[in-house]
Colleague: 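Structure provided below as structure tokens; questions to follow.
Lettering follows sequence order; numbering is per chain, from 1.
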There are 2 protein chains.
Amino acid sequence: MGGEQEVSELGAELRTAIARIYRRFRSERAAGELGEAALSVLISLHKQGTLTLTELSDLDRVTAGSMSQTITRLATDGLIQRRRDTADGRRMLIELTPEGERIAIAARAHQHTWMNARLAEFSDDERAVLREAAALMRRVADD
Amino acid sequence: MGGEQEVSELGAELRTAIARIYRRFRSERAAGELGEAALSVLISLHKQGTLTLTELSDLDRVTAGSMSQTITRLATDGLIQRRRDTADGRRMLIELTPEGERIAIAARAHQHTWMNARLAEFSDDERAVLREAAALMRRVADD
DNA sequence: TATTGTTATACTCTATAACTATA
DNA sequence: TATAGTTATAGAGTATAACAATA
């Protein structure tokens, strides 16, 4: 057990399961709702407060160029504000507007409604497995 | 235990962990490699053989229009072939070309190299948790 | 020189809606 | 009428590369 072949199979299973459930999340998204990338930024700002562009792009593992474009969209929609860091003129300090804060909270709540309905059908043991797995996946994702 | 609040937290944790590890997969992808959607189609065809467009779009939970475009890209690249179903002239039968078969196998192997390296560092118990969790996530994804 | 951020360009992936062809 | 598939259009999300401003 725990041999080469078995570990390899687990990698395949896990990779496939994650891709499928992620696509399922995406397909559950209603028209007009924010996309994954935009929402992720709002939630990071909601949890951690003011962040720079580099911090945001590191958090989501995208390039600074990609994140700059996501941020521009959010600013256009009035959900975030940018201001220069007076202590370091290269940095932009990014924070939620009141409307962005409202959307972040609402989106996060709505986002989990579907998931929670399904988790409620699992046993306590199964939920415990998923809770542990979430922590392990975080470890993998964060290196 | 298993109360309303705890289940809700688990939904949030799991949702976030899945989004993060999925983005990590994407960021590990080398330039020139196939994207997630295209690769998913190749792997479905590799596992299940000839499929119709509707079957493929159902598998990945995308619209027929989206899948048609993905298929067109793959056909242009010479990785899949389309032919009319003689028994039902509306249907297109989609299958891998030899080159597509080669790419599907190679991509799948390469895709898991990084994941397997990380899984090898986990304990047998932790891998067991992830294996169980993969099955549970499949259940959620597949409804 | 190094870091921070923006912009231009291009590609993948997706949806919706209008369409054709077949059943 | 219903189903299978395509195409046009639009938008999100991403990368790379060239760039400007600041440290």
Colleague: Find the distance B:Glu36:CD to D:dA15:C1' and express it as a whole number of Å.
Modeller: 15 Å

Colleague: Is there a donor-acceptor pair closer than 3.5 Å between any side-chain N or O of A:Arg20 and the backbone N or O of B:Arg138?
Modeller: no

Colleague: May I ask you to decide if B:Met92's main-chain N or O and B:Thr52's side chain share a donor-acceptor pair within less than 3.5 Å?
Modeller: no

Colleague: Carefully, step by step, assess B:Arg61 and A:Glu28 under the rule salt bridge (charged side-chain N to carboxylate O under 4.0 Å, His left out).
Modeller: CA-CA 10 Å; B:Arg61 292 185 183 274; A:Glu28 292 295 324; 5.4 Å; no

Colleague: Please give, in whole Å, the distance from C:dT3 P to A:Arg91 CZ?
Modeller: 11 Å

Colleague: Rounded to whole angstroms, how far apart are CZ on A:Arg83 and P on C:dG5?
Modeller: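 My rounded result for the distance is 13 Å.
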
Colleague: NA contact type, A:Arg29, heavy-atom cut-off 4.0 Å: base, sugar-phosphate, or nothing?
Modeller: nothing

Colleague: Parallel under 30°, tilted from 30 to 60°, perpendicular over 60°: which one fits the rings of B:Trp114 and B:Phe25?
Modeller: perpendicular

Colleague: B:Ser68 side chain N/O closer than 4.0 Å to the phosphate oxygens (OP1, OP2) of D:dG5?
Modeller: no

Colleague: Please evaluate the base of C:dA15 for a donor-acceptor partner in the side chain of B:Ser66 within a cut-off of under 3.5 Å?
Modeller: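 It does, because a donor-acceptor pair links the side chain of B:Ser66 to the base of C:dA15 below 3.5 Å.
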
Colleague: Compare the minimum distances between each of D:dG13, D:dT6, D:dA15 and the side chain of A:Val62, then state the nucleotide with the smallest one.
Modeller: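 Between D:dG13, D:dT6, D:dA15, the one nearest the side chain of A:Val62 would be D:dA15.
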
Colleague: Name the residue closer to the 5' end of DNA chain D, choosing between B:Arg26 and A:Arg84 according to the nucleotide with the nearest heavy atom.
Modeller: B:Arg26

Colleague: Can you tell me the distance, in whole Å, between the CZ atom of B:Arg73 and the P atom of D:dT7?
Modeller: 14 Å

Colleague: OP1 or OP2 of D:dG5 versus the side-chain N and O atoms of B:Thr54: is any pair under 4.0 Å?
Modeller: yes

Colleague: Atom CG of B:Asp58 to atom P of D:dT3: distance rounded to whole Å?
Modeller: 13 Å

Colleague: To the nearest angstrom, how far is A:Asp85 atom CG from D:dA23 atom P?
Modeller: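 Going from CG in A:Asp85 over to P in D:dA23 covers 9 Å.
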
Colleague: Would you check, one step at a time, whether the test salt bridge (charged side-chain N to carboxylate O under 4.0 Å, His left out) holds for B:Glu99 with B:Arg102?
Modeller: CA-CA 5 Å; B:Glu99 174 68 0; B:Arg102 197 185 65 71; 3.2 Å; yes

Colleague: Closest nucleotide of DNA chain C for A:Gly65 versus for A:Asp88: which of these residues is on the 5' side?
Modeller: A:Asp88

Colleague: Starting at the 5' end of DNA chain D, which residue's closest nucleotide do you reach first, A:Ala37 or A:Arg90?
Modeller: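 The residue whose closest nucleotide sits nearer the 5' end is A:Ala37.
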
Colleague: Contact class for A:Gly89 (heavy atom, under 4.0 Å): base, sugar-phosphate, or nothing?
Modeller: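 Sugar-phosphate, no base atom in range.
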
Colleague: Across the strands shown, which category fits A:Ala64 at heavy-atom distances under 4.0 angstrom: base, sugar-phosphate, nothing?
Modeller: base

Colleague: Is there, by distance only and without an angle test, a donor paired with an acceptor across the side chain of B:Gln69 and the base of C:dA15 below 3.5 Å?
Modeller: yes

Colleague: How close or far is atom P of D:dT6 from atom CE of B:Met67, stated in whole angstroms?
Modeller: 11 Å

Colleague: Determine the contact category for A:Thr72: base if any of its heavy atoms lies under 4.0 Å from a base atom, sugar-phosphate if only primed atoms, P, OP1 or OP2 are that close, otherwise nothing.
Modeller: nothing

Colleague: How many Å lie between CZ on A:Arg24 and C1' on C:dT14, as a whole number?
Modeller: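 Checked: the CZ to C1' distance equals 17 Å.
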
